[in-house]
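The structure presented is a predicted model; accordingly, all values stated were derived computationally and were not measured. Letters A, B, ... are given to chains in the order of the sequence lines, protein chains preceding strands, and every chain is numbered from 1.
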2 protein chains.
Amino acid sequence: MSKIAIIGYGNVGYHLNQVLQKDHAVTVFSRNPKQDSIKSLEDLDAELYDFIFLCVPDDAVKKLAESFKSKNSIVVHTSGSRPMSDLESHTHHGVFYPLQTFSKEKQIDFSGFPIFIEGNQYTEDALQVFALSFCKDVRLLSSAHRAQLHLAAVFACNFSNHMFHIAENILKNAGLEFKDVAPLVQETIEKAITLNPSNAQTGPAVRNDMKTIAGHLDLLKDEDWKILYKLITENIQKHQ
Amino acid sequence: MSKIAIIGYGNVGYHLNQVLQKDHAVTVFSRNPKQDSIKSLEDLDAELYDFIFLCVPDDAVKKLAESFKSKNSIVVHTSGSRPMSDLESHTHHGVFYPLQTFSKEKQIDFSGFPIFIEGNQYTEDALQVFALSFCKDVRLLSSAHRAQLHLAAVFACNFSNHMFHIAENILKNAGLEFKDVAPLVQETIEKAITLNPSNAQTGPAVRNDMKTIAGHLDLLKDEDWKILYKLITENIQKHQ
């Protein structure tokens, strides 16, 4: 059993606490604790913990890391976009990046997705052993490669969700809901995983069906979505 | 057992033939048959068939329908974007729109997604009974609503696949493949279905994390993808 501090109780901090508290002694810290079970960041004594997880927004990582000192603890952040060097004021530091989208409303199984880790001297091995105690797929990745992975994840997850969001709105015009297209979306992903997205494209853009495309632009009343539709269609046609 | 003609052997015609030939007598027609099992469209005698499925590109439906005559057969097209009226030269006509993405490389189960049908007088009932013989979820939908559904499907399927395609390219810069983000993409969809996409957004755009966004724009070397990234980010921030 390790002693763990989690700083920040957003989506990542919440889910990390859920999985770690099963086997470890976890204390959660926050700048403005709103629950009795969460301690104020001012009360953090870094030396009491084996691992300190910084689960704060990406642009707050460096400042938070520089706001406290550690000696023997391993201090890690969970950000896809921030380099490991944000934590270099700490002797033992590293990165624990879970490649997943977290919302407090939905439970998540840490054995079902890859964790990308990085550590400075002596830290990497300890972090890997610890991560493997509750995650199945733990891989080493440099800060530079993790930045590319994070950018790819924004397209694959956030931007595809925005396409679903627009679909959800348009479906209302047909008296339908997003769950009505769930089998289509599920198959889109299965096909993308099996064939690779570059070989799986279908629809009017890749067929160069200008009549259908013109009809769609005519149906779209939101000017922003019209611009998006045009741009993505041109991009599909260019990159096939 | 019904007698079925399928005209057009693209992705939809191929899969419709796969499922229908199990229980029905199916003949496939094509303008330029490349296989012995496919007949030339010139040899079509419409009166031999109970159902004639037009599985040609959307912009070819009307012209094809007007190129032959029928009396007792039910003539249907499978297009999401074309109105039923494209077939009004035929006494019995309708639409059979499977809401799915088809590729010849991947088998598909017709009981796993909804079929949207429409029919003129007397046709709708017969089409519904026939569709229910091999599909589980058959629903009536007007041409106007189907056009909205088709537009929504382009965002939900084709445009999200393009986001995956861009992700696939960026992942190469990190020595990774699209299948490495498969659990993330799978969870994105499960969350979108459970919470609705409008409640499921995460990432730098919705967090208004301008530093990470600037970092991503800096990493993107393709000018088109930079423009897309900016536009989708602004759109996410505006529509939350």
Would you give the length of the straight line joining atom [atom1] of [X] to atom [atom2] of [Y], rounded to the nearest 0.5 angstrom?
X: A/L176; Y: B/L141; atom1: CG; atom2: CG; value: 6.0 Å
X: B/L184; Y: A/L99; atom1: CG; atom2: CG; value: 5.0 Å
X: A/S198; Y: B/H162; atom1: OG; atom2: NE2; value: 11.5 Å
X: B/F159; Y: A/Y229; atom1: CZ; atom2: OH; value: 5.0 Å
X: B/T212; Y: A/H150; atom1: OG1; atom2: NE2; value: 6.5 Å
X: B/D180; Y: A/L149; atom1: CG; atom2: CG; value: 8.0 Å

With a 4.5 angstrom heavy-atom cut-off, which part of [X] approaches chain A: side chain, backbone, both or neither?
X: B/E190; result: both
X: B/T194; result: side chain
X: B/A205; result: neither
X: B/D222; result: side chain
X: B/F102; result: backbone

Partner chain B: residue of [options] with the largest heavy-atom pair count (under 4.5 Å):
options: A/P114, A/A156, A/G203, A/A182; value: A/A156
options: A/N173, A/D137, A/I108, A/V154; value: A/N173
options: A/M163, A/R207, A/E177; value: A/M163

Using side-chain heavy atoms (C-beta onward) and a distance below 4.5 Å, is [X] in contact with [Y]?
X: A/K172; Y: B/Q148; result: no
X: B/N199; Y: A/S103; result: no
X: A/L151; Y: B/L220; result: yes
X: B/C157; Y: A/V181; result: no
X: B/Q201; Y: A/H165; result: no
X: A/V185; Y: B/S160; result: no

| query | Any chance the side chains of A/K191 and B/T101 put a donor and an acceptor closer than 3.5 Å? | reply | yes
> If you count the non-hydrogen atoms of other residues, nucleotides and ligands that lie under 6.0 Å from NZ in A/K104, is the total more than 12?
Replying inline: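 It does: A/K104 NZ has more than 12 such atoms within range.
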Heavy-atom count check: over 12 atoms from other residues, nucleotides or ligands less than 6.0 Å from A/K221 NZ?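 Enclosed: over 12 neighbouring heavy atoms sit under 6.0 Å from NZ of A/K221.
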Just checking heavy atoms, which of residues 58-66 of chain B are less than 4.5 Å from chain A?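 Those residues of residues 58-66 of chain B which have a heavy atom under 4.5 Å from chain A are B/D58, B/D59.
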Against chain A, residues from residues 231-239 of chain B with at least one heavy atom under 4.5 Å, in numeric order, are B/L231, B/I232, B/T233, B/N235, B/I236, B/K238, B/H239
[X], part contacting chain B, at a heavy-atom distance under 4.5 Å:
X: A/S81; answer: side chain
X: A/R139; answer: side chain
X: A/L195; answer: side chain

For A/E223, the side-chain contact (heavy atoms from CB on, under 4.5 Å) test, sequence neighbours excluded, returns A/K226
- Sequence neighbours excluded, which residues qualify as side-chain contact (heavy atoms from CB on, under 4.5 Å) partners of A/A147?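 A/A147 satisfies side-chain contact (heavy atoms from CB on, under 4.5 Å) with B/L219 only.
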**OP:** Indicate yes or no for a side-chain donor-acceptor contact from B/E168 to the backbone of A/N196 under 3.5 Å, with no hydrogens or angles considered.
**Re:**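 Not a single qualifying donor-acceptor pair exists.
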Which atom names give the shortest non-hydrogen contact between A/N161 and B/P197, and what distance separates them?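 Reported closest heavy-atom pair: ND2-O, 3.1 Å.
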Q | Greatest number of heavy atom pairs closer than 4.5 Å to chain A - which of B/G112, B/S79, B/P183 | A |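 Ranked by contacts with chain A, first place is B/P183.
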